[in-house]
Structure formats: structure tokens, C-alpha cells
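In what follows, a single structure is set out as C-alpha cells and then discussed.
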Protein chains: 2
Amino acid sequence: MTKIPMPGTPVRGSKSGAPIMALFDLLGRHWAMGVLWTLSEIGPSTFRRLQQECETISPAALNTRLKELQAAGFVHRVESGYAATDLGLQLYRQLLPLGSFSKQWAEHLSNEGTPISGPTKPEA
Amino acid sequence: MTKIPMPGTPVRGSKSGAPIMALFDLLGRHWAMGVLWTLSEIGPSTFRRLQQECETISPAALNTRLKELQAAGFVHRVESGYAATDLGLQLYRQLLPLGSFSKQWAEHLSNEGTPISGPTKPEA
DNA sequence: TAGATTGCTATAGAAACTATAGCATATCGT
DNA sequence: ACGATATGCTATAGTTTCTATAGCAATCTA
């Protein structure tokens with residue numbers, strides 16, 4: 001198993017294990033935020049369902065991610081598979097603003113990003 | 001170079017390139033959030049300084065991360081090295097609540113203690 | 001009993017990250 | 001001018017992590 005980052009213990013990038021760095025270590029793994037996001041959006045779901053929603057994730061990675069998220073207390077097993085815990089939903093809510101920010105970011109990039117062959121499309 | 005995730009182009013986990021998934025792909029790389037966070041906190045700084053603040057990051061990874069963050073428009077070069085852009089600071093501000101959340105999370109973990117157990121107490 | 005669905009493991013190869021050394025340029029003190 | 005220092009960054013090697021795919025054991029369904 002991969003080592004699961006926990007606040008207070010040395011994590012990648014912080015020997016002190018500062019909570020924020022532990023959280024970044026946990027969330028800064030491929031698909032970690034995506035899994036929590038997806039699970040929060042679609043609600044309790046089976047392993048397979050989650051795997052489908054996460055398009056390209058491999059079962060091994062999904063399983064690892066789920067175990068980490070469980071150990072962290074963000075996800076738990078339920079009758080019908082997996083679900084976000086209250087704490088997990090709380091984290092999801094903290095992540096929510098990133099949704100609209102990402103759209104703003106996408107706009108910013110399409111405005112400034114490609115000086116080549118831009119389909120002269122100035123937005124209002 | 002590593003492929004830099006951009007909204008609108010296929011990213012890891014989303015062939016559609018949904019902005020949020022592109023952002024997750026970018027931020028879900030080791031040290032991506034840590035670098036932005038640190039750079040925002042300490043202000044404009046040199047490559048070496050940043051490397052020291054990020055305790056264990058390797059120069060290769062830092063360089064890759066910086067290039068990605070630059071391409072994304074979150075970081076730019078300045079006289080004295082590197083600095084977060086306005087957009088980058090905006091993202092940092094979105095990430096800020098994670099700071100206090102992570103402390104709450106650390107508390108939660110020290111209260112519940114046992115990582116592996118039966119159905120945890122979801123609510124009181 | 002056969003089929004479908006579930007959670008998950010196995011394996012191999014590719015990609016990413018760490019650790020460390022070191023280069024080329026620029027700036028500094030003398 | 002000359003060495004010492006600091007800068008941004010590359011090179012190499014070894015480890016870890018992720019993807020892709022196949023498939024197994026257990027549980028339901030009929």
C-alpha cells in the first residue's frame with residue numbers, strides 16, 4: 001500500500017506534517033480530488049459505477065484512492081458501495097468554488113492563451 | 001516535457017476536457033498546490049528560495065511544476081525570479097479555506113483515532 | 001446451473017518523482 | 001581581472017506511481 005499522508009506525521013514535502021501539507025499530499029495524487037468530487041456529485045455508488053464516471057481511472061488506482069480517502073475519513077463504505085462522509089462532503093463544499101473558477105480560468109486562457117489562429121471571438 | 005492539462009483538450013480523466021477536470025489534473029500533480037501556496041505566501045522569490053521552502057522538492061519537479069503553472073497563467077517570471085499572477089492569487093484565495101479545513105480535519109482524526117473500524121459515527 | 005454484476009487483484013509497461021551532481025551564466029568583492 | 005558566490009536549470013539513475021488490460025471469487029438472478 002501507498003503511505004497515507006496524515007497531519008502530524010511527516011508527509012511529502014513537510015517533515016513537520018503541517019495539516020495543509022498533509023492535505024495537499026493526499027489531494028495531490030492523481031484522481032484524488034476527482035474521485036471525491038465525482039462521488040459527492042453522483043451520491044453513493046458502486047465501485048464499478050465510480051470507475052465508469054471517472055472515465056480513465058484504473059481499478060488499481062481507484063482502489064488505492066478509495067482506501068486513502070477512507071483512512072482520511074472523507075469516504076466510507078455503505079450498503080450500496082461507497083459514499084462521501086460528512087467530512088468528505090464538507091471538503092467537497094470547500095472545493096466547489098473551484099468549479100466556477102475553472103470556467104473563469106478556461107475563459108482567461110481562450111482570451112490570452114492562443115495568439116495563433118484565434119477565431120476572432122471577443123466575448124462581451 | 002509533461003503534457004500540460006488545459007480545459008477543452010483531453011485531460012487525464014476527461015476526454016471532454018471539462019475545466020474542473022483539467023484543473024484537477026493540473027493541481028493533482030505532486031507539489032502543484034504546494035508550490036502555488038508557498039509562492040503566494042512568501043511572495044516573489046527565486047528558484048532556489050522556492051526550492052528551499054518546498055523542503056523536499058527536486059529541481060526537476062519544481063521546474064516542471066513552474067512551467068505548467070506558467071502555461072496555465074497562474075505564475076509568471078519577474079525581475080526577482082517567480083511570482084504568482086493575479087489569476088494565481090485568485091486561485092490561492094480559493095484554496096485558502098483548505099487551510100482551516102485541514103486543521104479541522106486533523107482534529108477530527110485525533111478524535112476518532114482509529115483509521116480502520118466498522119461503520120463510523122456519521123453524526124451525533 | 002448459467003449468466004450477470006460486484007469488488008478487487010495481477011501483471012506489465014509507461015510515466016512521474018526523488019536525490020544528487022554539476023554546468024553555464026551572472027554578479028560580487030577585492 | 002580573478003575567484004567566490006548565487007542563479008536557473010539540466011543530466012542521470014533509481015524508485016514510486018499510474019495506466020491498461022485481463023481475470024478471479026463471491027454474490028445475486030433466473
Side-chain angles (χ1 to χ4, degrees), chain A residues 1-5 10-15 21-22 24-36 38-39 42-72 75-83, chain B residues 1-5 9-15 21-22 24-36 38-39 42-72 75-83 116 118-119:
Chain A
M1 256 291 277
T2 39
K3 186 179 162 285
I4 298 174
V11 295
R12 281 205 284 196
S14 173
K15 289 152 194 166
M21 286 303 159
F24 280 168
D25 189 355
L26 185 77
L27 297 183
R29 292 177 180 194
H30 295 144
W31 265 114
M33 287 186 287
V35 165
L36 182 65
T38 304
L39 192 56
I42 68 179
S45 77
T46 66
F47 186 95
R48 297 258 169 153
R49 167 89 195 285
L50 203 48
Q51 201 184 333
Q52 282 159 10
E53 296 288 336
C54 295
E55 299 184 30
T56 59
I57 199 172
S58 69
L62 177 56
N63 191 32
T64 304
R65 229 42 75 220
L66 281 172
K67 278 194 180 128
E68 289 165 0
L69 290 171
Q70 278 178 90
V75 161
H76 61 175
R77 302 283 325 233
V78 292
E79 184 80 17
S80 56
Y82 293 90
Chain B
M1 255 291 278
T2 39
K3 187 178 160 285
I4 298 175
T9 74
V11 295
R12 278 208 278 209
S14 173
K15 289 151 194 166
M21 286 303 157
F24 281 168
D25 189 354
L26 185 77
L27 296 182
R29 291 178 179 192
H30 194 221
W31 264 114
M33 288 186 287
V35 165
L36 182 64
T38 305
L39 192 56
I42 69 179
S45 76
T46 66
F47 186 95
R48 297 259 169 152
R49 167 89 193 285
L50 203 47
Q51 201 184 333
Q52 283 160 8
E53 296 289 335
C54 295
E55 300 185 30
T56 60
I57 199 172
S58 68
L62 177 56
N63 191 31
T64 304
R65 229 41 75 221
L66 282 172
K67 278 193 180 129
E68 289 164 1
L69 290 171
Q70 278 179 90
V75 162
H76 62 177
R77 302 285 324 234
V78 292
E79 185 79 18
S80 56
Y82 294 90
I116 302 169

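Note on naming: letters A, B, ... go to the chains in the order of the sequence lines (proteins, then strands), and numbering restarts at 1 for each one. Computed from a prediction, not measured in an experiment: that's the story for all the values here.
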Q. A/R49 versus A/T46: any side-chain heavy-atom pair under 4.5 Å?
A. yes

**Q.** Whole-Å gap separating P (D/dC18) and CG (A/L62)
**A.** 12 Å

Q) What heavy-atom pair brings B/R29 and A/H30 nearest, and what distance separates the two atoms? A) CG-NE2, 3.8 Å

Q | Protein-nucleotide distance (A/R49, atom CZ; C/dA4, atom C1'), rounded to Å | A | 18 Å

**Q.** Between C1' of C/dT6 and CD of A/Q52, the distance in whole Å
**A.** 12 Å

Q. Just to confirm, is there a sub-4.0 Å distance from OP1 or OP2 of D/dC9 to any side-chain nitrogen or oxygen of B/R77?
A. yes

Q: Drop me the distance from A/L50's CG to A/L66's CG, to the nearest 0.5 angstrom.
A: 6.0 Å

Q. Would a 4.5 Å heavy-atom cut-off, applied to side chains only, mark B/P5 and B/M21 as touching?
A. no

Q.
In this structure, how many angstroms lie between the P atom of D/dT19 and the CH2 atom of A/W31, rounded?
A. 9 Å

**Q.** B/P59 side chain, from C-beta outward: closest of C/dG7, C/dT18, D/dT10
**A.** D/dT10

Q. Just to confirm, is there a sub-4.0 Å distance from OP1 or OP2 of D/dT10 to any side-chain nitrogen or oxygen of B/N63?
A. yes

(Q) Using a heavy-atom cut-off of 4.0 Å across all strands, would you classify A/S58 as base, sugar-phosphate, or nothing? (A) base

(Q) As a test of reading the structure: which of C/dT6, D/dT17, C/dA21 is closest to the side chain of A/R65, going by heavy atoms? (A) D/dT17

Q) Where is the tightest heavy-atom contact between A/P59 and A/Q51, given as atom of each residue plus distance? A) CD-NE2, 3.7 Å

Q.
Let's see if you can work this out: which of C/dG7, C/dA19, D/dT19 has an atom nearest to the side-chain heavy atoms of A/I57?
A. D/dT19

Q) How close or far is atom C1' of C/dT5 from atom CZ of A/F47, stated in whole angstroms? A) 14 Å

Q. Given D/dC18, C/dC17, C/dG7, which nucleotide is nearest the side-chain atoms of A/H30?
A. D/dC18

Q | Length of the line joining B/D25:CG and D/dC18:C1', which is rounded to integer Å | A | 12 Å

**Q.** Whole-Å distance separating the CG atom of B/L39 from the P atom of D/dG8
**A.** 12 Å

Q) Quick one: on DNA chain D, does A/R48 or A/G28 contact a more 5' nucleotide (nearest heavy atom)? A) A/G28

Q) Taking atom C1' of D/dT16 as reference, at what distance in whole Å does atom CZ of B/R29 sit? A) 16 Å

